[in-house]
Colleague: 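Supplied in structure tokens, the structure appears directly below.
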Amino acid sequence: MAEGDIVGAPPDHLWVHQEGVYRDEYQRTWIAFVEEETSFVRARVQQVQVPLSDAVRPSHLPPSQLPLMWQLYPEEHYLDNNSRIWEIEHHLMVRGVEELLLKLLPDD
């Protein structure tokens, strides 16, 4: 697969497992990074296999702009556990790593 190629369907769900690490419905691990722009927030989420320890209780996680859960939503979006909508800007293979770039949409 060439760099920047579109991959299959994005994960249906991503649940936080520990700080910055999410699991999908197939138990694959995804690393999430916040990218703050002046007027919006982006999350770069990459499918990277990492060894998992026990899941951290949400109440024990530090404050973060990243949600506890993303659920695939119609029309290339995710809905998070706080009812915020994230646009899927891309879902590609980047340097051999499956990557989602999500943009938090402003509240209406």
Colleague: Taking C-beta and beyond as the side chain, do Pro11 and Val45 meet within less than 4.5 Å on heavy atoms?
Modeller: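 SC-SC contact between Pro11 and Val45 ruled out.
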Colleague: Any heavy-atom pair between the side chains of Ser64 and Glu19 that's under 4.5 Å?
Modeller: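 No; the side chains remain at least 4.5 Å from each other.
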Colleague: Please check if Leu61 and Val34 belong to a single hydrophobic cluster, counting links between Ile, Leu, Val, Met, Phe, Trp and Tyr side chain heavy atoms closer than 4.5 Å.
Modeller: yes
Colleague: Taking all non-hydrogen atoms of both residues, which atom of Gln18 and which atom of Asp54 are closest, and how far apart?
Modeller: OE1-O, 4.3 Å
Colleague: Let me confirm one number: the CG-CG distance from Leu104 to Leu102, rounded to the nearest 0.5 Å.
Modeller: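 Reported value, rounded in 0.5 Å steps: 9.5 Å.
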Colleague: Is there a side-chain contact between Val7 and Leu92 in this structure, where contact means two heavy atoms from C-beta onward sitting under 4.5 Å apart?
Modeller: no
Colleague: Identify the heavy atoms of Gln71 and Met69 that sit nearest to each other, and give their distance.
Modeller: N-SD, 3.6 Å
Colleague: Using the rule that Ile, Leu, Val, Met, Phe, Trp and Tyr join whenever any side-chain heavy atoms are under 4.5 Å apart, tell me whether Val48 and Phe33 fall into a single cluster.
Modeller: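 Yes.
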Colleague: For Arg28, give me all partners under salt bridge (Lys or Arg N to Asp or Glu O under 4.0 Å), at least two apart in sequence or on another chain.
Modeller: Asp24, Glu98
Colleague: Measure across Val97 and Gln47 and return the closest heavy-atom pair with its distance rounded to 0.1 Å.
Modeller: CG1-O, 3.7 Å
Colleague: I'd like to know if the side chain of His17 and the backbone of Ser53 have a donor-acceptor N/O pair within less than 3.5 Å.
Modeller: yes
Colleague: Do Val21 and Val16 have side chains that approach each other closer than 4.5 Å (heavy atoms only, starting at C-beta)?
Modeller: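 Side-chain contact under 4.5 Å: no.
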Colleague: Which residue, Tyr73, Phe40, Trp70, Tyr78, forms the ring pair (Phe, Tyr, Trp, His ring centres under 6.0 Å) with Trp86?
Modeller: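 With Trp86 as partner, Tyr73, Phe40, Trp70, Tyr78 yield a single ring pair (Phe, Tyr, Trp, His ring centres under 6.0 Å), made by Trp70.
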Colleague: Which atom pair, heavy atoms only, marks the closest approach of Arg84 to Leu66?
Modeller: NH2-C, 4.4 Å
Colleague: State which residues pass side chain to side chain donor-acceptor pair (under 3.5 Å) with Gln65; sequence neighbours excluded, sorted by chain then number.
Modeller: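 Checked Gln65 against side chain to side chain donor-acceptor pair (under 3.5 Å); zero matches.
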Colleague: Heavy atoms only: give me the nearest Asn81-Leu68 pair and the separation to one decimal.
Modeller: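 It is OD1-N, 2.8 Å.
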Colleague: More than 12 heavy atoms of other residues, nucleotides or ligands under 6.0 Å from CD of Glu75: is that the case?
Modeller: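 Not more than 12 within 6.0 Å, no.
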Colleague: Counting C-beta onward and ignoring hydrogens, is there a side-chain heavy-atom pair between Leu52 and Arg23 closer than 4.5 Å?
Modeller: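 They are in side-chain contact.
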Colleague: How many angstroms lie between atom CZ of Arg42 and atom NZ of Lys103, to the nearest 0.5 angstrom?
Modeller: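 Between atom CZ of Arg42 and atom NZ of Lys103 there are 6.5 Å.
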Colleague: With sequence neighbours excluded, tell me which residues meet side chain to side chain donor-acceptor pair (under 3.5 Å) with Glu99.
Modeller: Arg44, Gln46, His90
Colleague: Which of parallel (below 30°), tilted (30 to 60°) and perpendicular (above 60°) describes Trp30 and His91?
Modeller: tilted
Colleague: Under a single-linkage definition using a 4.5 Å side-chain heavy-atom cutoff for Ile, Leu, Val, Met, Phe, Trp and Tyr, are Leu79 and Ile88 assigned to the same hydrophobic cluster?
Modeller: no
Colleague: Are any of the side-chain heavy atoms of Tyr22 and Pro67 separated by less than 4.5 Å?
Modeller: yes
Colleague: Under 3.5 Å, side chain of Glu25 to main-chain N/O of His13, donor-acceptor pair present?
Modeller: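 Yes: the side chain of Glu25 pairs with the backbone of His13.
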